[in-house]
Protein chains: 2
Amino acid sequence: MEAEMYENLRLQYKIWFTDEAGDGLLGDGKWKILKAIDQEGSLTAACEKLGITYRRTWNDLKSIEKRLGFALLEKNRGGIDGGSTSLTVEGLRLIKAFDNFHERMDTIMHEQFKLLIKDLTSHGKS
Amino acid sequence: MEAEMYENLRLQYKIWFTDEAGDGLLGDGKWKILKAIDQEGSLTAACEKLGITYRRTWNDLKSIEKRLGFALLEKNRGGIDGGSTSLTVEGLRLIKAFDNFHERMDTIMHEQFKLLIKDLTSHGKS
DNA sequence: AAGCGTTATGTTATATTATTCATATCGTTC
DNA sequence: GAACGATATGAATAATATAACATAACGCTT
């Protein structure tokens, strides 16, 4: 009877790094930005692609680099194309590791979701 | 050399239910509130315990019950003690299932975090 | 019926966050 | 050296979220 109560629910999750103080450092948002920069080759283009503001993104990226203590981005201004931004070796490794991580997590979450729903809908005595 | 770059990072996660539209429905915050109500026997006491405002909490609870489509709380007003709030059977089952879920997830996240750090600090060719 | 403590609800104020606008800087090309 | 397209940055504005304040309703007790 209560089984269908939970049928239209979805399970979502977010994972992010913080520093020791607990302040957010790198999560899904910045992960997507870094990936977009890697693909587009410029901050401006990446922001347009994702539909987010340049100002905000620039602030975020500056903050994370400062707090991480090492560079994720290599920026150039001027030149024939006006300028460019690309990922450093560390930046590339970071998003690659995050990719793998998310892949594993998606599988795990799917399993755990099924377990949770089973827990919610089975009426045996605990 | 880059191994210590990630030493002071912490991994955090959040898990929550949404409806089909993707709007948040039940997460850690409301889970804690429900547990506190179960312990305290009243909304007012639960809010004081958690240091959150009654107004906000009342709104949240009303919203989640409406969108879930069934009651999690049994509320009474008036009476010798002014009133009370307790969990329904469904409410109890929900927080119990969430408890189990979080327990499993804490273990899993700990494992996955170690894997992620390993991924970030090992420099073998991919 | 007056008092008590709790649920219930509208309104107002504050704080936080996000967006917009404006402007400077840089280095290449023509 | 003028123009272009990108990065870099300050300041003002808008939007959203959170908190605070005030007040009503309820039902038991005395």
Side-chain angles (χ1 to χ4, degrees), chain A residues 14 16 18 21-68 71-88 91, chain B residues 14 16 18 21-68 71-88 91:
Chain A
K14 273 195 180 170
W16 71 99
T18 70
D23 293 322
L25 216 160
L26 178 65
D28 287 7
K30 285 162 198 159
W31 175 49
K32 280 183 189 166
I33 292 170
L34 291 173
K35 289 182 78 166
I37 291 173
D38 189 41
Q39 289 165 15
E40 301 292 324
S42 98
L43 221 182
T44 302
C47 290
E48 271 171 20
K49 184 185 182 186
L50 298 180
I52 56 182
T53 63
Y54 180 95
R55 191 68 180 86
R56 167 86 195 275
T57 306
W58 188 90
N59 280 341
D60 284 353
L61 293 174
K62 178 151 193 179
S63 157
I64 139 181
E65 280 195 326
K66 181 182 175 191
R67 293 161 67 200
L68 269 179
L72 300 175
L73 301 169
E74 198 169 322
K75 304 129 161 203
N76 303 297
R77 34 181 201 180
I80 177 167
D81 51 359
S84 65
T85 302
S86 58
L87 295 191
T88 61
Chain B
K14 274 194 181 170
W16 71 99
T18 69
D23 294 322
L25 216 160
L26 178 65
D28 287 7
K30 285 160 197 159
W31 174 50
K32 279 182 189 167
I33 291 170
L34 291 173
K35 290 182 78 165
I37 290 173
D38 189 41
Q39 289 165 15
E40 301 292 324
S42 100
L43 221 183
T44 302
C47 289
E48 273 172 18
K49 183 184 181 185
L50 298 179
I52 55 183
T53 64
Y54 180 95
R55 191 67 179 87
R56 167 86 195 273
T57 306
W58 188 90
N59 280 341
D60 285 351
L61 292 175
K62 178 152 193 177
S63 157
I64 137 181
E65 281 195 326
K66 180 183 175 189
R67 293 161 67 200
L68 268 178
L72 299 174
L73 300 169
E74 198 171 319
K75 304 130 160 203
N76 304 298
R77 34 180 201 180
I80 177 164
D81 54 357
S84 66
T85 302
S86 59
L87 296 191
T88 62

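Every chain is numbered from 1 and lettered A, B, ... according to where its sequence line falls, protein lines coming before strand lines. Keep in mind that the numbers below use all heavy atoms, side chains included, and drop hydrogens, waters and symmetry copies.
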List the steps, then state whether side-chain contact (heavy atoms from CB on, under 4.5 Å) holds for B/Glu48 with B/Glu40. CA-CA 10 Å; B/Glu48 273 172 18; B/Glu40 301 292 324; over 6 Å; no

Going through the distances and angles, do A/Arg56 and A/Asp60 end up as a salt bridge (charged side-chain N to carboxylate O under 4.0 Å, His left out)? CA-CA 6 Å; A/Arg56 167 86 195 275; A/Asp60 284 353; 3.4 Å; yes

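- Taking atom CG on A/Asp81 and atom P on C/dC30, their separation rounds to 13 Å, with Å as the unit.
- For the pair B/Arg67 (side chain) and B/Gly24 (backbone), a donor-acceptor distance under 3.5 Å is present.
- Rounded to whole angstrom, the span from the CD atom of B/Glu48 across to the P atom of C/dT7 amounts to 10 Å.
- For A/Arg56 and C/dA18, the shortest distance from a side-chain N or O to OP1 or OP2 is below 4.0 Å.
- Atom CH2 in A/Trp58 sits about 14 Å away from atom C1' in D/dA11, given to the nearest Å.
- Heavy-atom nearest nucleotides on DNA chain C were determined for A/Ile80 and for A/Ile52, and the one closer to the 5' end corresponds to A/Ile52.
- Taking atom CG of A/Asn59 as the reference point, atom C1' of C/dT16 lies 15 Å away to the nearest angstrom.
- Across all strands shown, A/Gly83 has heavy atoms under 4.0 Å from sugar-phosphate atoms exclusively, and none from any base.
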With side-chain contact (heavy atoms from CB on, under 4.5 Å) as the test, would you mind laying out the steps for A/Leu26 and A/Leu34 before giving the verdict? CA-CA 10 Å; A/Leu26 178 65; A/Leu34 291 173; 4.3 Å; yes

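- At the heavy-atom level, B/Ser42 lies under 4.0 Å from the strands shown only through sugar-phosphate atoms.
- Between C/dT7 and B/Thr85, a contact under 4.0 Å exists linking OP1 or OP2 to a side-chain N or O.
- Here C/dT7 presents its P atom at 13 Å from CD of B/Glu65, a figure rounded to the nearest Å.
- Looking at B/Leu61 and B/Ile37, their side chains come closer than 4.5 Å, going by heavy atoms from C-beta outward.
- Spacing between atom CG of A/Asn76 and atom P of D/dA8 amounts to 9 Å, rounded to whole angstrom units.
- To the nearest angstrom, P of D/dA19 lies 12 Å from CG of B/Leu50.
- Comparing A/Thr53 and A/Arg77 by the nucleotide of DNA chain C that holds the closest heavy atom to each, the one mapping nearer the 5' end is A/Thr53.
- Considering only side-chain atoms of B/Lys75, the nucleotide from C/dG10, C/dT7, D/dT7 that sits closest is C/dT7.
- In this structure, B/Asp60 places its CG atom 14 Å from P of C/dA8, rounding to the nearest Å.
- Comparing C/dT6, D/dT9, D/dT7 against the side chain of A/Lys62 picks out D/dT9 as the nearest.
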